[in-house]
Amino acid sequence: MAYLGEDIKKLGFGLMRLPQKDGAIDIEQTKQMVDMFLEAGFTYFDTAWAYPGSEDAIRQALVERYPREKFQLATKNAAWINCKTREEAVSQFETSLKQTGAGYFDFYLLHNLGESRTKYFDDFDMWSFVQEKKAAGLIKHVGFSFHSTPEELDAILTAHPEMEFVQLQINYADWDYPAVQSRRCYEVARKHNKPVIIMEPVKGGMLANPPESVQKILKDAEPEMSVASWAIRFAAHLDGIITVLSGMSSVEQMQDNLSYMKGFNGLSAAEEATLKKAQEELARIPLIPCTTCNYCAKVCPMHIGISGSFTAMNYYTLYKDLGAAKHQENWLVKGHGLKKASECIKCGACEAACPQHIKIRDELVKVSETLG
């Protein structure tokens, strides 16, 4: 069965992490990367109103240099960022049109739905707005990106069957990871017959440098291939995929991605088996067994961000990247109006409510000592 984006090659150029020079986006290197990408036959570019400088950069590197019909451009609306009125939310669309100079968008996304953020799109009726712009020919395809539970994704797709696609965080590390649930979210999208655009296939760069035991499995199988290539190929092998976004930051990263994606025809049985071994090895690394059910949060008198703290700590355990772990903690705890692990009063109410029987008080002490 044909589906939206079937003619789009399975590598998309994510424009969130463009190369930098002297504290600004390096336009000349970006132009070089755009040229390489198009010359290899790829056409999908992904930016967003919320990516500082990205829309302006892609206007200079792509839109002003190539015929409009030679590429697909996607951008996003983040109605939950500093918007108090519908007018402020819809103005992001006109800003994006102006900054990109694209004339229209092939794919337009309501950005980062899930949790409290979805309410902004409902309150401002952005669902109707994007349909109006589609009817006017300024948007070709409408969808949304999503970071939350499969249950919430199912509810949104049930309420909005007019959405044509969904963008999900999918990678082999998060496939069955309780805090992300990539597999279950993907299955929900497929149940609703929605094609998927994949974001974070390399988990923000983490899977370019996974734990050494995982790297060994991948390098032993294919010594000549980059470790990151396994993550991109895992995602691109799934059915019903429009494209897999890679946030490339250098010519070297572009060269590597093009080297294995230009002729990609899926994973072999041996490659699938290797990735299965890598997933099993990741699962063997001892983590805090939190499933983010958040029963603990409902009884915590201090409103500690317990599950967010544990997700951040697990990031650190797996990837030994303190900066990334602190970023996770900041987003999942402070960003959700919750308090840090260090403010725990050790009352124990959380442990009585935890179905996983985690020694939450002890683990929060470790989080506080490690992440501050």
Side-chain angles (χ1 to χ4, degrees), residues 16-17 50-52 78 80-83 111-120 145-152 169 171 173-174 176-182 185 199-200 203-207 209-211 282-283 285-372:
M16 184 180 182
R17 302 180 178 93
Y51 300 167
W80 46 274
I81 297 181
N82 300 326
C83 291
H111 183 40
N112 197 5
L113 271 71
E115 301 174 334
S116 61
R117 300 178 298 279
T118 305
K119 185 176 185 294
Y120 289 88
S145 62
F146 179 83
H147 286 281
S148 192
T149 65
E151 291 79 14
E152 189 174 356
Q169 177 175 328
N171 56 67
D174 290 330
D176 288 307
Y177 184 46
V180 181
Q181 302 185 75
S182 285
C185 286
M199 59 181 162
E200 301 292 351
K203 202 172 171 67
M206 298 290 189
L207 297 181
N209 187 35
L282 275 173
I285 296 171
L287 301 174
I288 303 168
C290 175
T291 64
T292 65
C293 69
N294 286 321
Y295 293 145
C296 56
K298 295 173 183 176
V299 299
C300 177
M302 295 301 292
H303 305 291
I304 304 297
I306 298 171
S307 66
S309 296
F310 290 171
T311 296
M313 190 66 182
N314 285 341
Y315 257 67
Y316 181 71
T317 300
L318 284 168
Y319 305 108
K320 299 296 184 285
D321 188 327
L322 187 60
K326 287 184 174 182
H327 177 77
Q328 280 287 309
E329 182 192 38
N330 188 58
W331 167 247
L332 295 171
V333 178
K334 184 179 178 181
H336 286 67
L338 301 170
K339 293 182 180 179
K340 296 184 66 171
S342 59
E343 298 187 62
C344 172
I345 60 172
K346 300 181 174 58
C347 69
C350 54
E351 292 181 13
C354 179
Q356 306 303 319
H357 308 294
I358 299 168
K359 294 182 178 178
I360 294 175
R361 288 172 290 183
D362 292 347
E363 296 293 351
L364 287 176
V365 169
K366 295 175 187 176
V367 171
S368 180
E369 290 173 347
T370 304
L371 303 182

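These values consider heavy atoms only, across backbone and side chains, with no hydrogens, waters or symmetry-generated copies.
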Greater than 12 external heavy atoms within 6.0 Å of Lys334's NZ = no
Within-4.5 Å side-chain heavy-atom neighbours: Thr118 and Glu152 = yes
Residue set satisfying side-chain hydrogen bond (donor to acceptor under 3.5 Å, both in side chains) with Tyr319, at least two apart, ordered chain then number -> none
Among pairs that include at least one residue of residues 333-368, which meet ring pair (Phe, Tyr, Trp, His ring centres under 6.0 Å), considering only residues two or more places apart or in two chains?
-> Trp331-His336
From Phe146 atom CZ to His111 atom NE2, the distance as rounded to the nearest 0.5 Å | 14.0 Å
Of all residues at least two apart in sequence or in a different chain, which pass the side-chain hydrogen bond (donor to acceptor under 3.5 Å, both in side chains) check with Thr292?
-> none
Search all heavy atoms of Glu200 against all heavy atoms of Asn171 and return the closest pair with its distance.
-> O-ND2, 3.0 Å
From Leu322 atom CG to Tyr315 atom OH, the distance as rounded to the nearest 0.5 Å = 14.5 Å
OG of Ser148 to CG of Leu113: how many Å apart, nearest 0.5 Å?
-> 9.5 Å
side-chain hydrogen bond (donor to acceptor under 3.5 Å, both in side chains): pairs with one or both residues in residues 361-372, sequence neighbours excluded = Glu351-Arg361
When rounded to the nearest 0.5 angstrom, what distance separates OG1 in Thr311 from CD in Gln328?
-> 7.0 Å
List the atom pairs, donor and acceptor, that lie under 3.5 Å between side-chain atoms in residues 296-307 and the rest of the protein, sequence neighbours left out.
| residue | atom | partner | partner atom | Å |
| --- | --- | --- | --- | --- |
| Ser307 | OG | Asn294 | OD1 | 2.7 |

Nearest heavy-atom contact between Gln356 and Pro289 is CG-O, 3.4 Å
How far does OG1 of Thr317 sit from CZ of Phe310, to the nearest 0.5 angstrom?
-> 11.5 Å
Steps toward side chain to side chain contact (heavy atoms under 4.5 Å, CB included) verdict (Val367, Glu329) | CA-CA 10 Å; Val367 171; Glu329 182 192 38; 4.1 Å; yes
Test side chain to side chain contact (heavy atoms under 4.5 Å, CB included) on Leu282 and Tyr177 and set out the steps.
-> CA-CA 10 Å; Leu282 275 173; Tyr177 184 46; over 6 Å; no
Donor-acceptor contacts, no H, no angles, side chain residues 338-348, under 3.5 Å, sequence neighbours left out:
| residue | atom | partner | partner atom | Å |
| --- | --- | --- | --- | --- |
| Lys340 | NZ | Gly372 | O | 3.2 |

